[in-house]
There are 2 protein chains.
Amino acid sequence: MLKQFLIRRYQATQSVVEKFKFKDLNSTTSIKNLIDNIDSESLEKKKYTINGWIDKKAKKVKKDLYQTSIRDGNGNLLTMIGSKDQLHGLNLEDCLQITGYLKLRKSTSAAKDDPNDYEVALQDVKILNKVESRIPSSLINLNSIEDIPADFSFLKLRKPKYTHIIQSRSKLKNLVRNYLENDLQFVEVETPLLFKSTPEGAKEFLVQYDDNVENKSNLYYALPQSPQQFKQMLMGSGVSKYYQFAKCFRNETLRKDRQPEFTQLDMEIAFGTGNEVMQIAGNIVTKAWNSYASDVEDAQKLYTLDNQGRPKLVEKEEDILRMDYTESMKKYGSDKPDLRIPLKIINMKEFGGKGGLNNPVFDSFEIIQLPQLIKTSKELNELKKFLLDDLHYNDGSRKPVVYGILSERDLELWHEAFASVGIFESPKLIAKSLNLKVGDVIIGCDRESDSFIFENPTPLGKARTLLYESNISFLNEYLNKNHPKLDKDIVSWMVNFPLMNPVVDETTKKINGYPNYKPKCIESCHHPFTMCQLDHLPLLLKSLESDDLNYRQSLFIKSQHYDLVLNGNEIGGGSTRIHDYKLQSQIFDKFLKIDAKNQEELFGHLLQVFQSGCPPHSGFAIGWDRFLSVLFKTPSIKEVIAFPKSNTGVDELFKSPSLIEKN
Amino acid sequence: MLKQFLIRRYQATQSVVEKFKFKDLNSTTSIKNLIDNIDSESLEKKKYTINGWIDKKAKKVKKDLYQTSIRDGNGNLLTMIGSKDQLHGLNLEDCLQITGYLKLRKSTSAAKDDPNDYEVALQDVKILNKVESRIPSSLINLNSIEDIPADFSFLKLRKPKYTHIIQSRSKLKNLVRNYLENDLQFVEVETPLLFKSTPEGAKEFLVQYDDNVENKSNLYYALPQSPQQFKQMLMGSGVSKYYQFAKCFRNETLRKDRQPEFTQLDMEIAFGTGNEVMQIAGNIVTKAWNSYASDVEDAQKLYTLDNQGRPKLVEKEEDILRMDYTESMKKYGSDKPDLRIPLKIINMKEFGGKGGLNNPVFDSFEIIQLPQLIKTSKELNELKKFLLDDLHYNDGSRKPVVYGILSERDLELWHEAFASVGIFESPKLIAKSLNLKVGDVIIGCDRESDSFIFENPTPLGKARTLLYESNISFLNEYLNKNHPKLDKDIVSWMVNFPLMNPVVDETTKKINGYPNYKPKCIESCHHPFTMCQLDHLPLLLKSLESDDLNYRQSLFIKSQHYDLVLNGNEIGGGSTRIHDYKLQSQIFDKFLKIDAKNQEELFGHLLQVFQSGCPPHSGFAIGWDRFLSVLFKTPSIKEVIAFPKSNTGVDELFKSPSLIEKN
C-alpha cells in the first residue's frame, strides 16, 4: 500500500517538475506574470500550468461543476472551475499543480490586469502533497501571527500579507545594498559571530568553546551585541566605507517587543564626519520608505516636521528635522518623541509654578492640560485607572499626578492635588492664565532642571504617549476631535545628547519614586567610544585631568551622537568615535573606572588599532526589524521575521532551547 | 600637555573632515578616481586632497626635498614630494591627509591612467593619527597573513592584496544577489542562529539560554551547522525561491583549513528539480568566476573538461562536465577529483590482477605507473618517505604500496612487493603488457568492488594528489615534464551518489588498515532529507518494507545529490529532498533507527510541514569562503576572511574564547 502510494506520489511529482524547464519557471509559476502577459488570442486557447495551494474548500456551482481557488507562492489567487472528480476531494492547503485554459469571468467585460477577472477551466489537477494534519481554522482569515498555534506558525508565510512582508524585506535590503555598494562604493565586510565576552556590557549569550557539556572548562565565546568593535577595527584596517546587515544578540529578559537575535544595518566610514553618516543613514531610510510606499496601495511617503511643526515631505536626508536633545526632553519628555502626537507639555515656570519639593534637582513643574475632557467621575476614574495602572510603570518609572475638575470646588482646590510635586506662587492666577474650567483634566509632575534632564521618558513624556494607547472610547473620541494624531509617518533626528549620564543606583533604584543617582558616578550615555563635540573637548579634558571627577561639569559635555526617530521609535543611532589612544584610554580609566590591566584585557585590540594610524571615523546602525515593522505597520517586530522567538526567547516551533543532560 | 595635544589633534581632524562634503567624499579620497579623471589643464594647477597612510619611509632626493608615497583605502599608491618639515618625521602607517598639486613624473612623457606616472607636490600635510606602536616589519612586504603577529593582524587589510580580496568578496556577493533577486526572483530570507540542538549531527556549539554561568540550568540553544531545516520549512511555508548568505558553525577539532564559523550561499526552490538547482548554482559560480577573471590581470576564466578530457571554457552551466560517482571513484579514487591532474589509475583486472586477499570486498587491484621516474635508491627512498609519511594518514586512511624498479631483478620480482594486496595470474605478462622498465615506480593497492566503492579517497586516489604536493625536486620536474597539471581551473559536477553508506565502526576503525563496516548498519551518505533517484524508489521502498534490512541492496540505491567540484575542492552540494511525511519518517525509523518519539522531538517541526502540503523541492549550498579561496588563489580560506580564527578556533587578535569564572 505505502509502496504503491509513494511511487505514484513521487512519479506525479517528478513528471510535474520535469515539465518545468528552468527558463519557464518564473513565468509558469506566477499568477501575476501569467495575467500580466495574457493576450486575448491565448484566452480559452492556450493551456497554462500553475503550482500552488488550495485556498478555499471547493463549492458546487452547477451540476458536476465545482469552484475554488489556487494560491501561488506570491500570495496571488486565481479562481478555478472543474469537475467533482477534480476538485471535490481537495482540502485547504493541499499542494497541487493545475493545468487548464484561462478565461474571463462572466462578471467582467474586458481583459484587465487583475487575477480576479479571470478563472481557469481545469484540464488536469495533480496533487503534489496532500494535507495530512488538521490545518488550524485561525489560519483562514489570519490577522495576527499570535492567532496561529506555534506548531503551524510556519504557515503564516503562505498568507498574502506575510508573503508580501517577506518579499518586501528582501527587496528593500537589496535596494539598500545597491545604493551603498554601487552609488557610494561601500564594501560589505562580514564580522565574526563567535566574539569575546565583555562582562561590562549588557547581558550576552555565552557559547561553550568545548564541544562537550560534561567538560567543565571555563572557556567561552560570546555572541556580539553589535559589530561595534569590529567595525572600528576595520577603520583602522584601512577599510574606508564598511557596511553589513549584521546579526546581533541580546540576552535580556525581553522588554516589550524585543527579540534575542535581530538584524542591524551596520556601517562606518573613515575620514568621515557625523554629518556625512547622517546623510547616508537618512537617505537609506528615505529611499527604502519611499520605494515601498510607491509600490504599495494606501502606503504614504515619509514625512518630517518643518520649523512650524507642520508635516513636510522627506525626499532626501536634508529635509529631516534635527531636534536638540534638551529641547525634546523639555517639549516631549522623551529623546524619541512620537511627533505625530500634537499634545504639548507646558512648563509652569512662567505661570509661577515650580518643583523641587522632594528633590532639589527636580526643580521644574510641568503639565499637560486636556480642556473639557470629562463629564463624570466615572470617566475620571476610568482615565486615572488607565494612566496610573502599575503595568505601565513596571520598569520602575515614576507616575504623574492626574487631576480632573468635576466641580467649581475642584477648580478652586486644583493645586492641592499637586502639593506633593509642585509649589505655586498663586494657584488662582494660574487657573485664570490657563483658563481652567470644570471638565478639564490636568496631568502634572515635577522634573529635572532644564539643562540636566536624564529621567527619560519623564512622567509627562510617558503620559503624552500613553493617552493615545488606551481603549477608552470617550478619550479616543476627544483626542481624535481636539488633538488628532497626524496621519503621516514622521521622522526626525535627535542630536546634542549628553556624553555621560549619572548612574542610577539599581539597589535603591528609587527614592520616593525619584531616580537615585550614585554620588560622583557617571557612565557613557551611549557607549564609551563616542566622541564629544569639539567645542566641549576642553571641558572633557579638564574633567579627565582633575583628580577629583567634576561630576556636575562632566554631565554638561555634549556628544557627537545622533539618533534617528520614527513615529516614536528609535530606529537607528550613530556617532563620531574617539580615534585617539590616549583620550580613549583616559575615558576608560577616569570615567568608567577600568584600570590599565582590564583595559588591555578587554579592549587591548582596539587600543592597539588606535596606536597604529587609525583614521578619524563615524558610523551608524539601523535596527532593521524595527524599521520594517514601522514601515509595514505591523503590531510587533515578530511579524517581519520569518521564524521569530517568543518574548521569553523561546522558539515554540522548533522547541528550542532544549534540555541537554549533563551526566 | 595631553590637553593641548589632544585639542590640536582633534581640531586638525575636525577641520580636515569638515572639508569633505558628502558629495565629494568618493572622488576626493580615491587615488584611482583622481587619476582616472585628471585632465592636462588641472595638472600642476588644481589642488587635490587625499587621505591615507604613509607607505614607505621618506627618502631624501635633493636638498630639502623628500619623497615617499601615500596609500589610500583602496590600496592604491601615489608618490609625493615635499620638504623635510613635511615628510621627514613621518613613520610607516601614519594616517594623514595631504593637499597638493598633481604633476607627471619625469620618467613619463604623456598622461596615462596609472598612478605610477604621477606625483603630488605637497602643499600641506595634516597628521590625523600618528603611529605610537612598533609596526612589525613583516607587514612591509606581506606575503601571507601567517607572517603577521596576531596583535597586528588587522593591518593586513591595509595591504593592496588583501584590500582587493575584501573588496572583491563584497562585489561578488552583490553580483550573485542581483542575479538571484533581479534575474530569477529569489527572495532572501534570514533564518535564526539560535537554533535547536540536534545531538545526532556533527558536534555543535551550545549557547546557554540563561544569562548566568552560575545558573546550572540545562537549557541550551545550538548554533546551526547550516540552515537546512529552516529552508525546507520555508518551502512548506510557500516561499518559492529562497536564498541567503548564511553563517554556519561547526564545532570540530578543525581539519586542515577549516573555520569554526563560515559563510554559505544557501538556496532552495519549491516545485523544482535537481537540474534546475544545478543550473542556478552552476551559473552563479560561472558568473562570479568570470566576472572576477575579467577584472583582474593574469586571472583566467573558468574551465571544465570535455568528453575527451580536454579543457573547455565554461560560459554557462550546461558546459560543465557531469561525472558519475562510480566512474570518478574508479578513475580518480575520489568523489572530488582534482581534474587538473592528468595521472590515471589503472585497474589491473584486464591484466589479470585482482585484490580480495585480506577482505573479499576489496576485490580490485589498481596501480598508478610512473615510468622512468627514479634513478637511484636515494630518490626512491625520498619518494617513499614522502608518500608514506604517517602525517598524511592521521585521519586513519590506508597507505598504498610504493615500489621502485632499480634493477633487472626488481623488474622480475615486482609482484612480490604487492603480494599482500594483489593476486596476479601472470606477473611476467603484466610486466610486459605495462612495458615495465628499470626506473619505473608503481604505486598499487586493492580497493572495493567497482559498484561498491565507499572508501574515499582510495589509497591511490590519495596518492594521485599527494604526488603533486611534495617539495621533492626530481619528482616535480618529472611530473611537470611528463604529467603536467593543467594550468586551467577545472570545475565539474559529481552526480549519482549512493543514498546510504555503510557505517564505519569507529571503535575498531580499521582492521589491517581496511575500514571495518558495522554489520547491517547504514547511514545517509549526505543527510537524511535526500531523495533517491526515481527509478530506485521501488528498491528503496522494498528495503524499507522488509523487516530485516537488506544491507547490500540498500547500498545500491542512488540519490538525487550533486556536488560541485573545483580543482579538487568540493565547493558546493545540493539535492532534491524528500517532501513526503511517510517516506521521511520511514527513513528515520528503518535506516537511521530514530524511533517515533525521537522523531517527534528532533524533527517534529519538519514532519509537520510535510503533512501540511509541502511542495516538492530541491536546494543547494556553496561554501563561499572555500570558493573565494580557490578563485583568489589564496593558500588558505583564512585569507578571504576579515577576522579569521586559528586552526584550533582561537581568535588571537581579540583573545577569544576567554576564561569566565564560575563561582
Side-chain angles (χ1 to χ4, degrees), chain A residues 3 6 13-14 17 22 51 73 93-95 128-129 131-133 154 157-158 167 170 174 181 187-189 192 194 196-197 203 205-209 211 218-221 233 237-238 240 251 261 271 273 276 279 534 537 541 583 605 611 613-616 642-643 653-654 656-660, chain B residues 3 6 13-14 17 22 51 53 73 93-95 128-129 131-133 154 157-158 167 170 174 181 187-189 192 194 196-197 203 205-209 211 218-221 233 237-238 240 251 261 271 273 276 279 534 541 583 605 611 613-616 642-643 653-654 656-660:
Chain A
K3 190 173 156 184
L6 276 173
T13 295
Q14 194 76 2
V17 291
F22 168 59
N51 296 320
E93 300 301 335
D94 278 353
C95 178
L128 302 182
N129 212 350
V131 169
E132 286 165 58
S133 66
F154 62 89
L157 293 179
R158 284 202 203 155
Q167 291 187 348
S170 175
N174 210 37
E181 298 199 24
V187 175
E188 184 206 34
V189 183
L194 295 174
K196 182 184 184 173
S197 172
K203 286 174 184 170
F205 284 109
L206 293 176
V207 181
Q208 298 191 312
Y209 172 64
D211 47 24
N218 292 341
L219 288 173
Y220 292 86
Y221 303 105
M233 301 284 286
S237 298
S240 299
N251 190 5
E261 54 181 311
F271 309 103
T273 62
E276 284 161 16
Q279 282 187 30
L534 198 59
L537 183 56
L541 294 172
L583 181 59
H605 45 277
Q611 291 174 85
C614 179
F643 299 101
L653 175 59
F654 287 86
S656 168
S658 59
L659 206 64
I660 295 189
Chain B
K3 190 173 157 182
L6 277 172
T13 297
Q14 193 76 2
V17 293
F22 167 60
N51 296 320
W53 293 267
E93 301 301 335
D94 277 353
C95 178
L128 301 182
N129 213 348
V131 168
E132 287 164 57
S133 65
F154 61 89
L157 293 179
R158 283 200 204 157
Q167 290 187 349
S170 173
N174 209 37
E181 297 199 26
V187 175
E188 184 206 33
V189 183
L194 296 174
K196 182 185 185 172
S197 173
K203 286 174 184 170
F205 284 110
L206 294 175
V207 181
Q208 299 191 309
Y209 172 65
D211 47 23
N218 292 341
L219 288 174
Y220 291 87
Y221 302 105
M233 300 284 286
S237 298
S240 298
N251 190 5
E261 54 180 310
F271 309 104
T273 62
E276 285 160 15
Q279 283 187 30
L534 197 58
L541 295 173
L583 182 57
H605 45 278
Q611 290 173 85
C614 180
F643 299 100
L653 175 58
F654 287 86
S656 166
S658 59
L659 205 64
I660 296 189

Distance-minimising heavy-atom pair for [X] and [Y]:
X      : Y      : result
A:N251 : B:Y209 : OD1-O, 3.6 Å
A:L659 : B:L219 : N-CD2, 3.9 Å
B:S237 : A:F154 : OG-O, 2.8 Å

Quiz item: Going from OG on B:S656 to OH on A:Y220, what distance comes out if it is rounded to the nearest 0.5 angstrom?
Solution: 13.0 Å

Quiz prompt | Max heavy-atom pair count under 4.5 Å with chain A, selected residue of B:C95, B:G613, B:A642 | solution = B:G613

Quiz item: Among B:P615, B:G238, B:S658, which residue forms the greatest number of heavy-atom pairs with chain A at distances under 4.5 Å?
Solution: B:S658

Self-check item: Exam field: side chain A:N129 to backbone B:C614, donor-acceptor pair closer than 3.5 Å
Solution: yes

Self-check item: Check: A:E261 side chain, B:L194 main-chain N or O, donor-acceptor pair, under 3.5 Å
Solution: yes

Quiz item: Given that the side chain runs from C-beta out, which part of A:Q167 has a heavy atom under 4.5 Å from chain B: side chain, backbone, both or neither?
Solution: both

Quiz item: What part of A:V207 lies closer than 4.5 angstrom to a heavy atom of chain B: side chain, backbone, both or neither?
Solution: both

Quiz item: With sequence neighbours excluded, what pairs up with A:S197 under the side-chain hydrogen bond (donor to acceptor under 3.5 Å, both in side chains) test?
Solution: A:E204

Quiz item: Parallel, tilted or perpendicular: which describes the rings of B:F654 and A:H605, with under 30° parallel and over 60° perpendicular?
Solution: tilted

Self-check item: Set of salt bridge (Lys or Arg N to Asp or Glu O under 4.0 Å) partners for A:E188, sequence neighbours left out
Solution: B:K173, B:R177

